[in-house]
Amino acid sequence: MADDLQDANEDEAVESSEALIAVHWREEGYYPPPPGFAAQANASDPAILEQFTEDKFPECFRAYADLLTWYKPWDTTLDTSTAPFWKWFVGGELNASYNCVDRHLETQPNKAALIFVPELEDEADVAVTYRELYARVNEFAALLRDFAGLKTGDRVTLHMPMVPELPVAMLACARLGIIHSQVFAGFSGTAAGHRIADSGSSVLITMDGYYRGGALLDHKVKADEAVEAAGKEGQTVDKVLVFRRYPDKYSSKTPMVDGRDFFVDELLTDYKDQLVEPLSMPATAPLFLMYTSGTTGRPKGCQHSTGGYLSYVAGTSKYYQDIHPNDTYWCMADIGWITGHSYIVYGPLALGTTTVIFEGVPNYPDAGRPWRIARRLGVNIFHTSPTSIRMLRKVGPDEPAKYDYDFKTMTTVGEPIEPEVWRWYYESVGKGKAAITDTWWLTETGGFLGSTLPGLQPMKPGSCGPGVLGVYPVIYDEDSNEVPKGSGKAGNICIRNPWPGIFQTIWGQPERFVNTYYAKYNKNPESKDWHDWPFLCGDGAVEAADGYFRILGRIDDVINVAGHRLGTKELESAALTVDEVAEAAAVPVIDDIRGRVVEMYVSLKPGFTASPAVEEKVRNAIEKDIGKIARPKNIWIVPDMPKTRSGKIMRRVIAATSNFADTGDITTLANPEVVEGIRQQVQSAKVAKGEAPRELSEAELAELKAFGSES
Ligand code: WTA
């Protein structure tokens, strides 16, 4: 046993020092803010940078909170007495629904709050004015309270596609202090079921169907799977509220369950014109949960606060998205992810702008679709992910030039963006006139951590920029030494201070919260001083001499597929539900469109032989447990996994194999002889399928070498 531990420690020491190898690349040149942009920008005076320096922390964040309407002002801006469970704006009271809806009625009742763009191009857009949004939020809140019996502090799971009913439902919950937990519609019913159980929801809000890639998908079927999966974990769902894509017409083939399933449009006739007073909620009351993947175990329910979160997304929307009330803002992310919560719903609506909700995929029916939408609606702020940019660049590089839309600023989020992709975004999509903000952040952080202020700070392709206003990042090595900027060395990026958007805890797992995000660099567990609690973001990063950060990717065995975090453990446990499978390991493969894709390695129990049928079972298991987004590109059934003497699967070795990279030193393995056989099996099959990769960059090679060091 002692020997095993010794071995395990040695493995870790080797791997973590590899994670910190120097990463060299060409320094990119700066692009200044576009002429004319700065003059109209919300952040146009460099004095704003001075207002957020560390000596003014935490009071600097008053400027963000002051963007909201409070029922009761706060007494304490930042309360650190229960470190590291930070409390912002303590004593203050407000309502998120009031701030995103009611307060805009006075000034702009007839302006569009939401514009829904259906995927089918011949279906008309639906503009929902602030007045209409107010009516719909109130009626649905009345239904939640009086029909569903929900009250403040209850959790409700939403499994909704990209339709206006989703923000309506979120804001109706917020009106009553009900904690919403929206699960990405692309996730499977089983995945929704786990989240229902974890959050203790007794009501599920869903939809019959929605369009994706030209097909009307049956979504209600997932509700039945979700209720069943939750039931297996002891959580009963009493009511399933089903919105209909077309009211009066059921678009799903899945039967409604009597006494459990209800059509929302039918129920709403009883609540017509009802008003529900927004409740005065403490700033520290939870607003919502958003589940995300991590190193171990089940996805974690990140609990976000009302006052701190809403202040933070309003402030960052104002200064980094440069949202003015008269803008038409389109974020092409899905509301099922944190980006959509913060920068489709809460931030833009708190500022009273018009936010576009697009149902479909960007390249349906062709790669000109986003630009047609932008032109027709007069979108002037555009926000998307590197995966979408890469895809649109590949399938329609010349499309943007055909449409005379006019963007003033554009955002990229979710993954590192390659400089040449950045340049296409800048030149072709932005036509050389729009500022780009490369915004780096996490589900846990509520809003941006690293970015440039578009009117004040120059852009640098491939780098997100410096820490945002009031956020002070630092890079540490494994021994808690600061990695100096300009050293060219990578390390673990942390945020030294709390900020209002930080999540409050992992739902039901406060210890996991402290261990995952703070234990590594905490200087004193008893301390009530925030300086002792750097927040571990979970990304590797390098800081250039100018203080700009280049984010390299996750350090915790999370695979970022098209900007979506997938935990290797979740993928592996799904594969292990297949009877024949003895062991499973998930690894990332570098992909020119989706950033990373997943490949699975499995070994079978004695007596079973490899076959396409087993592969298919593994693929189906992953789709059932997680969803289609997690579908592995390849499943390799291997005779044995490369392992350390302590029995740990060396994911780094198989990740290298899948990417045609050097497997590094394998002499410490218990079974080094298996490596060559796996290499021949996998690489010859990949060559035959035309999947041999391009030459990888040093940063990509470094990521692969570091992969697997956490488990
Ligand atoms: C990655 C998404 C490089 C990063 C808001 C982070 C990025 C993870 C960027 C969080 C960016 C996000 N450049 N990498 N601009 N933005 N990431 O929780 O690895 O879905 O840890 O939040 O995405 O993903 P999440």
Side-chain angles (χ1 to χ4, degrees), residues 182-184 186-187 289-295 299-302 304 309 312-313 316 320-321 331-344 346-347 383-390 410-419 421-422 425 436-452 459-468 471 473 490 492-495 501-503 506 516-517 535-542 548-567 588 594-596 629-630 699-700 703 706-707 710:
Q182 153 71 7
V183 177
F184 172 56
F187 275 140
L289 305 180
M290 170 61 66
Y291 280 84
T292 190
S293 297
T295 305
K300 33 197 184 193
C302 296
H304 281 284
Y309 171 83
Y312 197 65
V313 298
T316 48
Y320 288 89
Q321 298 293 280
C331 171
M332 215 163 61
D334 195 290
I335 300 174
W337 306 107
I338 191 71
T339 298
H341 274 48
S342 301
Y343 299 112
I344 298 178
Y346 283 113
H383 185 151
T384 191
S385 64
T387 289
S388 300
I389 303 169
R390 288 185 212 108
M410 307 190 297
T411 298
T412 163
V413 64
E415 314 152 66
I417 183 164
E418 300 74 9
V421 178
W422 191 101
Y425 197 31
I436 293 183
T437 49
D438 179 345
T439 58
W440 163 70
W441 58 297
L442 287 70
T443 302
E444 293 86 335
T445 71
F448 305 148
L449 294 178
S451 181
T452 46
M459 311 162 245
K460 189 159 79 174
S463 298
C464 62
V468 296
V471 165
N492 297 325
I493 188 163
C494 297
I495 308 299
I502 179 121
F503 71 136
I506 300 175
T516 308
Y517 301 97
F535 175 82
L536 177 72
C537 298
D539 280 314
V542 183
Y548 278 37
F549 293 93
R550 177 154 171 162
I551 305 300
L552 303 173
R554 303 289 312 176
I555 53 168
D556 61 354
D557 289 2
V558 165
I559 305 179
N560 187 334
V561 178
H564 305 150
R565 281 162 68 174
L566 300 174
R594 295 162 71 76
R596 305 287 175 270
I629 50 163
E700 287 165 340
E703 175 190 323
F707 186 75
E710 285 290 311

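Counting starts at 1 for both ligands and their atoms, following the listed order.
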Item checked: Salt-bridge present (R596, E415; N to O < 4.0 Å) -> no
Margin query: Please work out, at 4.0 Å between heavy atoms, whether the side chain, the backbone, both, or neither of I417 comes within that distance of ligand 1.
Written below: neither
Check: Roughly how far apart are Q321 CD and T411 OG1, rounded to 0.5 Å?
Finding: 3.5 Å
Margin query: I need the nearest protein heavy-atom contact for atom 24 (O) of ligand 1: residue, atom name and distance, please.
Written below: R565 CD, 3.2 Å
Notebook entry, point to check: Can we call the ring centroids of W337 and F187 under 6.0 Å apart?
Noted result: yes
Margin query: Can you tell me how the ring of F448 sits relative to the ring of H383, calling it parallel under 30°, perpendicular over 60° and tilted otherwise?
Written below: tilted
Note to self: On a heavy-atom basis, I'd like to know which of T411, I555, L442, T443 is closest to atom 18 (O) of ligand 1.
What the structure shows: T443
Item checked: Separation of K460 NZ from F549 CZ (nearest 0.5 Å) -> 11.0 Å
Margin query: Tell me the protein heavy atom at minimum distance from atom 6 (C) of ligand 1, and give that distance in Å.
Written below: D539 OD2, 3.1 Å
Next item on the list: Heavy-atom distances under 4.0 Å are what count here, so tell me which part of E415 touches ligand 1: side chain, backbone, both or neither.
Entry: backbone
Next item on the list: May I ask you to check whether R554 has an N/O atom sitting below 3.5 Å from an N/O atom of ligand 1?
Entry: yes
Margin query: Counting only nitrogen or oxygen atoms and a 3.5 angstrom limit, does T439 reach ligand 1?
Written below: yes
Check: Is the closest heavy-atom distance from C464 to ligand 1 below 4.0 Å?
Finding: no
Margin query: Given A333, C302, G414, identify the one with the heavy atom nearest to atom 17 (N) of ligand 1.
Written below: G414
Next item on the list: May I ask you to decide if G446's main-chain N or O and S342's side chain share a donor-acceptor pair within less than 3.5 Å?
Entry: yes
Check: T412 to ligand 1: N or O pair under 3.5 Å?
Finding: no
Next item on the list: Provide the number and element of each atom of ligand 1 under 4.0 Å from a heavy atom of T339.
Entry: 5 (C)
Next item on the list: Could you tell me whether a side-chain N or O of H564 sits under 3.5 Å from a main-chain N or O of A630, the two making a donor and an acceptor?
Entry: no
Note to self: Any heavy atom of W441 closer to ligand 1 than 4.0 angstrom?
What the structure shows: yes
Notebook entry, point to check: Is the side chain of D438 donor-acceptor paired with the backbone N or O of G462 at a distance under 3.5 Å, no angle test?
Noted result: no
Check: If you count the atoms of ligand 1 from 1 in the order shown, which ones are under 4.0 Å from a heavy atom of I551?
Finding: 3 (C), 14 (N)
Check: Any nitrogen or oxygen of V413, main chain or side chain, under 3.5 Å from a nitrogen or oxygen of ligand 1?
Finding: no
Next item on the list: Quick one: sort the F535 and Y517 rings into parallel, tilted or perpendicular, breaks at 30° and 60°.
Entry: parallel
Margin query: Looking at Y343 and V313, would you say the former's side chain and the latter's main chain have a donor-acceptor pair under 3.5 Å?
Written below: no
Item checked: Distance filter under 4.0 Å to N560 heavy atoms, resulting ligand 1 atoms -> 1 (C), 23 (O)
Check: Hey, which atoms in ligand 1 end up nearer than 4.0 Å to a heavy atom of D438?
Finding: 11 (C), 13 (N), 15 (N)
